[in-house]
Every structure is written in C-alpha cells, then in structure tokens.
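The structure displayed is predicted, hence computed values, not measured ones. Letters A, B, ... mirror the listed sequences (proteins, then strands); counts begin at 1.
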Amino acid sequence: MNLLEELKNRFRPALATLTDAPEAFVEMVRPSGDVRHGDYQANCAMPLGGQLKQPPRQVAEAIVQALDVNDMCHEPEIAGPGFINLRLKDEWLQEQTARLVSDERLGVEPVAEPQTVVVDFSAPNVAKPMHVGHLRSTVIGAALVRMLRFAGHKVISDNHIGDWGTQFGMIIYGWNNFRDEEVYERDPVGELARLYRLVNQLCDYHAATTEQPSVEERLNEAERLLEEAKDQDPPEDKSAAKRHKKELKKLQSRVEELTARLDSLNKQKSQIEQDEILHPLAEAHPDIVRLSREETAKLHAGDETNLALWQRFLPECLAALQKVYDQLGTEFDLSLGESHYQPMLASTVADLEEKGLAVESDGAMCVFLEGNEAPFIVRKRDGAFTYATTDLATIRYRVEELKADRILYVVDARQGEHFRLLFGTAARWGFTDLDLQHISFGTVLGPDNRPFKTRAGDTVGLESLLEEAVRRARKIVNENDDSRTDEAGQPAPEMDETTRADVARVVGIGGIKYADLHHNRESDYVFSWDKMLARTGDTATYIQYSYARSSGIFRQCEVDPQSLRDNPGKGVILSTPEERALALELLQFPEQLAAALADYRPNVLTACLFSLANTFSSFYEKCHVRREEDIDLRTSRLLLCDLTARVLATGLDLLGIRTVSQM
RNA sequence: GCCCCCGUAGCUCAGUUGGAUAGAGCAUCGGUCUUCUAAACCGAGGGUCGCAGGUUCGAAUCCUGCCGGGGGUGCCA
C-alpha cells in the first residue's frame with residue numbers, strides 16, 4: 001500500500017463535500033516535516049478557506065468532520081492557522097508492517113497503466129574511450145530503467161552509441177597513415193585509441209593554427225575598445241554612468257576571454273611544435289582536417305574500403321565499451337547506434353520536406369520553430385545529415401517498431417536546446433501522443449570547480465576511475481578487517497582474499513554510483529574520492545553496512561530469514577519509539593519510490609534509503625534483538641530487521657548498487 | 001545580441017513544486033564498545049537562504065530589478 005495515496009484517497013471525498021475541484025487540495029496532504037506535528041499533515045484548509053471566504057480553522061473543522069480515517073489515525077488535530085495533523089495508530093502500523101513480511105514487492109503496487117518506456121542513456125562514442133562525462137548518464141539512466149521496471153512499466157533500455165560520426169573518419173585517416181599492425185594484432189582498441197588521439201591532436205593543431213590570427217585580431221580590437229572606453233570620462237548622469245560601468249566590465253571580460261582562448265591555442269601549438277615526433281607529422285599532414293572529414297563522407301557514401309574498415313573496427317570498439325559496462329554491472333536491451341538509422345535518414349528529411357516542415361536556408365535543410373531563433377538543421381549544405389536527423393529518425397523507429405509511449409533521454413543539460421527543438425519538431429511531425437523527456441543532468445566538477453580533468457588537462461578515463469575506486473575500497477576493507485580483534489584483544493580478521501576482493505568491488509563501484517545519484521541530477525557536483533568512500537556519512541557504504549549488520553543478526557541468532565517470514569509468530573510489535581519510527585519508514589518506501597519516479601529523481605530514493613539506514617542504526621543500538629528475552633518481541637524485531645534489509649537491498653538494487661552480507 | 005541554469009552553515013549538498021522554529025553529511029567540540037560488526041550511536045555549536053522590492057494568512061521556493069558565477073547559441077555530437 002502507498003500510505004500517502006491511501007490518505008489522499010480518504011481526503012478526496014471529504015474535500016469533495018466542500019469544493020467541486022478537490023484534486024489540487026488533495027495534493028496538499030504530505031508527510032510531516034516535523035515529528036511534533038504527527039506523521040502526516042494536510043495543508044489544504046488555508047487556501048480552501050480563502051477560496052470559500054471562510055475562516056481556515058472552520059474549514060479544517062469541516063474537513064475533519066467529513067474525513068474517515070478512524071481505522072488508521074488518532075483523532076486529527078487542527079493546529080496553527082488550520083493545519084490538520086494526523087498521527088497513525090500503532091495498531092494500524094503493526095498490522096500494515098506485518099503485511100509486508102509476505103509481500104515480495106514490499107508494498108509497491110504495480111502502476112495502473114503500464115507504458116512502454118524507452119530509456120536512451122550512456123551513448124558513448126566508439127573509438128573515444130569512455131570518460132567521466134559518461135558516468136552520470138550511465139548511472140542515472142540505469143537507475144531509472146530499474147526503477148521504472150519495478151514500478152511496472154515495460155522498459156526498453158537503449159544505448160544510442162555514436163558509431164557513425166566524424167571520429168571514424170579520423171580513425172580511418174590514422175589507419176591509412178600511421179597504423180602499427182603489429183600493435184593492432186595484440187591490442188586493437190589500444191591502437192585505435194592511439195590513432196584517434198594522434199589524428200585528433202594533429203587536427204587540433206592545424207585548427208589552432210588557423211584560428212589563432214583571427215583570435216589575435218579580435219583580441220586587439222577588444223583591447224582597443226576597452227582602452228577607448230577607459231579613457232572616456234564617466235558620465236554625470238547616474239544611470240548612464242551605470243551603463244558605462246557595465247559596458248567596461250563586459251569589455252574587460254571579453255578581453256579576458258579572448259586572452260585565455262589565445263593562451264590555450266598557443267599552448268596547444270607549442271606543445272606540438274616542441275614535440276620531436278608530432279611536429280614533423282603535423283607538418284607532413286597539413287590537410288588532415290579536411291582529409292579526415294572526407295574519409296567520414298566516403299564512409300557515409302558507402303565507399304567499400306572504408307566500410308570494410310568500419311566493419312572491422314566496430315566489434316573491437318564495442319567489446320571495449322562492454323568491459324566498462326561489465327565493471328559497472330550495466331545492461332542494455334538494445335544497442336542501436338547511429339549507424340542503425342543511416343538508411344532512414346533520407347526518407348526522414350524527405351518526409352519533413354513534404355509536410356512543409358523543413359525548408360531550405362543557406363543551402364541547408366532546416367526546421368524553424370516558433371520562438372526559437374536557431375534552426376534545427378536536418379541536412380547540411382554539403383548534403384550530410386546531422387544528429388538532428390538521426391534523432392528524428394530514431395523517434396519514428398521507436399514509436400513504430402518499439403511501440404514507445406514515452407522516451408527518456410538521459411543527456412547532459414548543455415543539450416537542452418537541442419531537445420527543445422527535437423521535441424518541438426517531433427510534435428509538429430505528428431508524434432503528439434508521445435511523451436518525450438529530456439532527463440538532463442549537471443557536470444561533474446573537479447576540486448577546482450571546473451569540469452573534472454586530470455592534472456595534465458585530459459578528461460578522466462572511466463575505466464581507470466572505476467579501477468581506482470575499487471583499489472581505494474580494497475584498502476579500506478583491508479584496514480577495517482585487519483583491525484578486528486577477538487574478546488582477548490587479539491587480531492581476528494573475518495574475511496579471506498576472495499571475500500575482501502568482492503566486498504571491495506561492491507563498495508567501490510557502489511560508492512561511485514551513489515555519489516552520483518545522491519545529488520540532485522540537475523546540479524553540477526564536485527567529485528571527491530574521500531567523500532564517496534568515506535567510512536562515515538551519507539554514502540553507499542553506510543547503507544550497505546546497515547544491510548550487513550542486519551544479516552549479522554540473523555547469523556548470530558541462527559535464524560533463517562525465509563523460515564521467519566513463513567512463521568512470523570505474533571507479528572510486529574512496536575514497543576519503543578525506535579521500532580515505531582522504523583516501521584513507519586518501511587511503510588513509506590512505496591510513496592518514496594513514486595516520488596522519485598514522478599520527477600525522475602534518484603536522489604529522492606537515496607535520501608529515503610539513507611534515512612531508513614539511519615533509523616535502523618538507532619534501532620540497532622536501542623533495541624537489542626539477540627538479548628531480548630520476550631520471544632514475541634524478539635521475533636518482531638527480527639521481522640523488522642528482515643524488512644529493513646529487504647527494503648535497503650531492493651532500494652539499492654533499483655539504483656544499480658549491490659550489497660554484501662558481511663563487510 | 002538572444003536563450004538556459006545556478007547563488008542555502010567553514011566545506012559538499014538536500015529542500016517533497018507556497019507551509020509551522022530552513023535540513024543532512026563532512027569538518028569542529030563533548031560523550032558512548034568485557035561488541036547481535038564502533039564502516040556505528042547520542043549530544044552541542046554553527047544561517048541576512050546573493051541583494052532590494054513585490055504577490056499573500058504564509059516565500060529559500062512565485063513575479064520584477066540589480067549583483068555574482070556557469071553554460072548554450074547556423075551547418076560537431
């Protein structure tokens with residue numbers, strides 16, 4: 001049972017006696033923010049009073065009069081300006097908690113109207129190694145897939161891999177000019193990555209060389225304007241003076257921006273120029289930018305040689321990606337990359353054109369949407385299609401072939417405009433019943449509050465990041481287990497090598513995922529090793545530890561959880577505030593999951609799991625299980641331990657995080 | 001130029017879409033192990049919610065303006 005929904009269902013008829021539109025007021029029933037105000041509160045009497053032009057407290061009285069919650073709650077209290085405070089009866093809580101014991105879904109009812117939901121996430125480019133930027137999409141996406149599926153939807157996870165873009169032209173160019181076949185035979189992906197990096201570096205060098213003069217020119221101009229503005233006397237008029245100051249600041253920041261840009265170009269250039277190997281290569285390949293692009297174009301045009309190379313390289317690249325997914329424990333139902341949609345692009349543009357949506361502008365085919373200055377370019381001047389085209393073709397495919405009712409795109413926030421245009425175009429294209437959502441997220445920052453990079457300025461590879469997490473976790477596991485002592489104070493480690501390695505993996509990978517998920521996805525967040533693997537605080541470890549402690553109780557008491565569930569004795573008895581608080585939180589799991597899903601926010605779920613683990617820890621200290629002599633109370637506490645363990649493990653599993661019974 | 005996002009405790013972040021005295025974690029300080037796992041528990045201090053107006057019974061939340069920071073922006077994805 002969803003407790004909050006149940007209360008709302010009780011309020012609905014009561015409110016209907018006072019207003020024709022009760023729904024908005026029903027939504028004002030919520031868990032209390034403060035235990036002193038009971039377990040739940042209804043805040044609808046004040047606004048309803050305003051609408052009815054009656055004193056709010058009088059309205060609250062009327063609502064309470066019409067309300068039937070006698071079986072669940074104590075007499076509702078009216079407080080302050082008209083808050084209705086509800087306190088659940090212990091007997092009712094006991095009964096409901098006991099019901100969970102035999103409920104595999106822990107009280108979560110499947111959604112009334114299941115949909116087919118496509119979740120598009122991760123989407124790395126092949127050839128470029130996955131980096132920290134892919135972490136959020138992959139972790140958040142995988143969590144949403146599991147949560148939606150558990151809620152009862154038909155979910156199709158799809159990895160929309162970038163396997164058809166410009167990076168392949170670079171690799172082909174690199175292969176044709178710089179390959180080392182011997183190395184390729186040994187380590188194909190390593191060699192391809194090297195080729196990509198090399199060509200990319202050389203391209204950047206030439207691009208920098210081309211760009212430099214114009215930046216210099218713009219910088220000189222900006223500096224000149226700034227000097228001019230500085231020489232002017234500030235105007236007497238107050239608002240004009242303000243405008244003058246603002247103008248100065250803007251010019252100043254423009255100069256700074258261009259200076260920084262120029263510095264970085266110069267740095268890029270000199271890095272190559274001082275390199276004895278790279279510089280001659282750069283000199284020998286002056287047209288590398290254009291030629292790589294041509295290799296891409298040839299591939300797209302069906303050139304046999306390039307197509308054969310693509311077919312040869314792709315499986316190797318996919319295998320490398322799979323390694324990271326294996327490490328993360330992430331699975332996809334489909335991995336339909338961009339190349340899959342290649343045959344559908346021409347007809348997509350033709351259809352848009354036919355329907356009058358796409359028009360020619362500056363030689364390109366564009367869709368212009370009202371309220372948007374930027375065009376949505378579906379075919380470039382040179383005839384090539386863009387990712388806008390691919391995304392549109394993908395929508396059509398997902399609706400027609402996969403029967404999608406809803407599509408979620410777990411993609412970083414900077415692409416917000418692209419998705420606005422995409423969704424707008426799709427709607428005008430005729431996909432009006434389709435629910436399209438950009439599940440956007442912020443950037444992972446380094447300790448300097450800039451996007452997370454290595455000291456050398458490279459993006460951080462995901463594979464090494466995960467390895468590092470496991471390595472650090474292993475160190476903590478070792479320290480922790482090595483410091484254990486027996487009753488005589490002698491060292492008494494409990495884990496063998498295999499167990500330690502397994503725990504380190506679960507804790508390390510879990511820590512990295514949890515650190516990501518527990519932030520609001522919309523915010524940027526600062527990446528910190530120390531925090532994600534901390535022995536204290538709001539971490540995966542803390543929740544995993546609560547689970548392990550519960551398992552420990554069953555080991556110590558020599559009780560099998562399943563046989564306990566089959567023979568729950570007199571059920572759940574709430575004899576202390578700790579037990580009551582624990583039972584209430586267990587019963588709130590369904591509403592928390594629903595809340596997390598309503599806005600696609602895994603952090604709602606992490607918060608509820610952390611809170612539950614916290615409440616369990618207090619219970620653990622205060623309500624000893626094994627030493628409890630009253631057999632009924634002991635059984636009740638075992639039931640609470642088992643339920644807590646199941647909710648924690650289920651919740652973490654929905655987030656893609658594993659648990660261990662001992663750590 | 002236009003568009004989007006952010007500013008909450010020393011630090012990192014929540015804040016259930018307008019609710020009661022703004023919350024966590026870390027850090028700091030003080031307590032708790034002859035142990036159902038101390039990777040824990042209990043307690044304390046710490047705030048002009050960037051600033052100024054407005055909307056109303058009530059604003060961190062909505063509106064306007066300002067200050068500060070980030071991002072996107074016609075042919076990369």
Side-chain angles (χ1 to χ4, degrees), chain A residues 4 27-28 30-34 36-37 41 43 46-47 49-50 56 79-83 85 123 125 162 165-167 242 338 361-366 371-377 379-382 384 386-388 390-391 411-418 420 440 442-443 449-450 476-477 479-480 484-485 487-489 494 507 518-520 522-526 528 530-531 533-539 541-542 544-546 548-557 591-592 595-596 598-599 601 603-604 606-607 610-611 614 617-618 620-622 624-628 637 641 662-663:
Chain A
L4 180 59
E27 287 309 309
M28 294 176 191
R30 60 188 52 180
S32 291
D34 189 323
R36 281 167 303 187
H37 302 132
Q41 60 179 221
N43 304 330
M46 288 83 80
F83 295 106
N85 292 335
N125 275 316
T166 47
Q167 80 278 15
K242 217 166 146 189
E338 290 173 337
S361 168
D362 283 348
M365 288 304 294
C366 304
N372 288 283
E373 242 175 89
F376 199 51
I377 297 174
R379 196 178 62 215
K380 298 193 283 184
R381 194 168 31 203
D382 65 8
T386 69
Y387 75 130
T390 314
D391 280 355
V411 180
D412 101 84
R414 284 174 297 203
Q415 294 193 41
E417 191 170 20
H418 167 71
R420 258 209 327 279
S440 77
T443 311
N449 272 323
R450 307 286 311 160
I476 294 170
V477 170
E479 280 170 19
N480 193 59
R484 276 197 239 270
T485 52
E487 278 158 30
E494 293 172 1
V507 168
H518 103 282
H519 292 95
N520 185 326
E522 307 255 27
S523 354
D524 298 344
Y525 78 93
V526 177
S528 158
D530 294 339
K531 270 180 205 150
L533 294 173
R535 294 154 183 271
T536 58
D538 185 1
T539 59
T541 315
Y542 179 82
Q544 288 164 329
Y545 179 64
S546 291
R549 279 176 129 188
S550 172
S551 304
I553 292 178
F554 282 88
R555 273 197 305 276
Q556 284 283 332
C557 296
E591 70 193 47
Q592 293 287 344
D599 292 321
R601 289 191 315 188
N603 69 310
V604 171
T606 63
F610 177 61
S611 174
N614 229 320
S617 289
S618 301
Y620 185 93
E621 298 287 327
K622 197 77 183 292
H624 210 280
V625 180
R626 190 166 51 84
R627 276 205 303 263
E628 179 54 54
R637 287 179 178 170
C641 287
Q662 190 185 5
M663 59 189 278

Under the 3.5 Å rule, do the base of [N] and the side chain of [X] count as making a donor-acceptor pair?
X: A:T443; N: B:G71; result: no
X: A:D34; N: B:A20; result: no
X: A:N614; N: B:A40; result: no

State which of [options] makes the closest approach to the side chain of [X].
X: A:R555; options: B:U37, B:U73, B:U12; value: B:U37
X: A:R549; options: B:A40, B:G72, B:A77; value: B:A40
X: A:R30; options: B:U17, B:A20, B:A40; value: B:U17

Sugar-phosphate, base or nothing in reach of A:E338, heavy atoms under 4.0 Å: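 Here A:E338 touches the backbone only, sparing every base.
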Between A:F83 and B:G19, do the rings stack, that is, sit under 5.5 Å apart with planes less than 30° off each other?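 No, the aromatic ring of A:F83 does not stack with the base.
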Does [X] make a side-chain N or O approach to OP1 or OP2 of [N] shorter than 4.0 Å?
X: A:Y620; N: B:A39; value: no
X: A:N372; N: B:C3; value: no
X: A:N603; N: B:G15; value: yes
X: A:H624; N: B:C36; value: yes

Which value, in whole Å, describes the distance between the P atoms of nucleotides B:C3 and B:G74? 16 Å
Distance between the P atoms of B:G45 and B:G10, in whole angstroms?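 To the nearest whole Å, 15 Å.
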